[in-house]
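Numbering of ligands and ligand atoms starts at 1, following listing order.
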Amino acid sequence: MSGKITFTMIKPDAVRNGHIGAILNKINEGGFKIVAMKYTQLSKEKAGEFYAVHKERPFYGELVDFMSSGPIVAAVLQGDNAVESFRTLIGATNPAEAAEGTIRAAYATSIGENAVHGSDSDENAQIEASFHFSGTEMFM
Ligand code: CMP
């Protein structure tokens, strides 16, 4: 399969609530190819670095604490129009506004603990994928 990539994390809330399998199923059914994947835990420092763009936002501290609070599944997905199609599949950041059938509508509990991350641009997808995976860990 060709196509562009996006980067995702199954966040600590979804891992804790036992939703890894169901979310990976949705990703497969959505037509994405998983080209890299790892089960890992972010240190506070790494979570802060990953979300540095939100440093000035009032929720930054909470976000860093939450994202380092337990294991995550990090993955790179390939597919047509990957960034936009994956954002459609996961739904709005706030699960209260996420469309029915989306991953966040099904598995997120709040705007902060929203089950999954999805890159917001092709450029950020590349940066985020490289943050978590080396070239030899991605199988395009
Ligand atoms: P994500 O797509 O991973 O990118 C940034 C994250 O910040 C977002 O998902 C949310 O988990 C979190 N976030 C965004 N807005 C808020 C908010 N108002 N309060 C708490 N967390 C937020």
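In this structure, F50 has its ring center closer than 6.0 angstrom to the ring center of F7.
Ligand 1 places these atoms under 4.0 Å from at least one heavy atom of R104: 2 (O). Near H54, the atoms of ligand 1 lying under 4.0 angstrom from a non-hydrogen atom of the residue are 5 (C).
Within the 4.5 Å cutoff, the side chain of I72 has heavy atoms near those of the T40 side chain. V73 has its side chain out of reach of M9: every pair of non-hydrogen atoms, C-beta onward, lies at least 4.5 Å apart.
Between K38 and E137 there is a salt bridge, with a side-chain nitrogen of the basic residue lying less than 4.0 Å from a carboxylate oxygen of the acidic one. Between D120 and R87 there is no salt bridge, since no side-chain N of the basic residue sits under 4.0 Å from a carboxylate O of the acidic one.
In this structure, K46 forms a cation-pi arrangement with F131, its terminal cationic atom sitting closer than 6.0 Å to the ring centre and no more than 45° off the ring axis.
Counting protein heavy atoms only, atom 14 (C) of ligand 1 is closest to F59 CZ, 3.5 Å. Looking from atom 4 (O) of ligand 1 to the surrounding protein, the closest heavy atom is Y51 CE2, 3.6 Å. Regarding atom 9 (O) of ligand 1, its nearest protein heavy-atom neighbour is K11 NZ, 3.1 Å. Nearest non-hydrogen protein atom to atom 10 (C) of ligand 1 is I111 O, 3.2 Å.
Considering backbone and side-chain N/O atoms, N114 comes within less than 3.5 Å of an N/O atom of ligand 1. Polar contact check, G118 against ligand 1: no nitrogen or oxygen pair lies under 3.5 Å apart.
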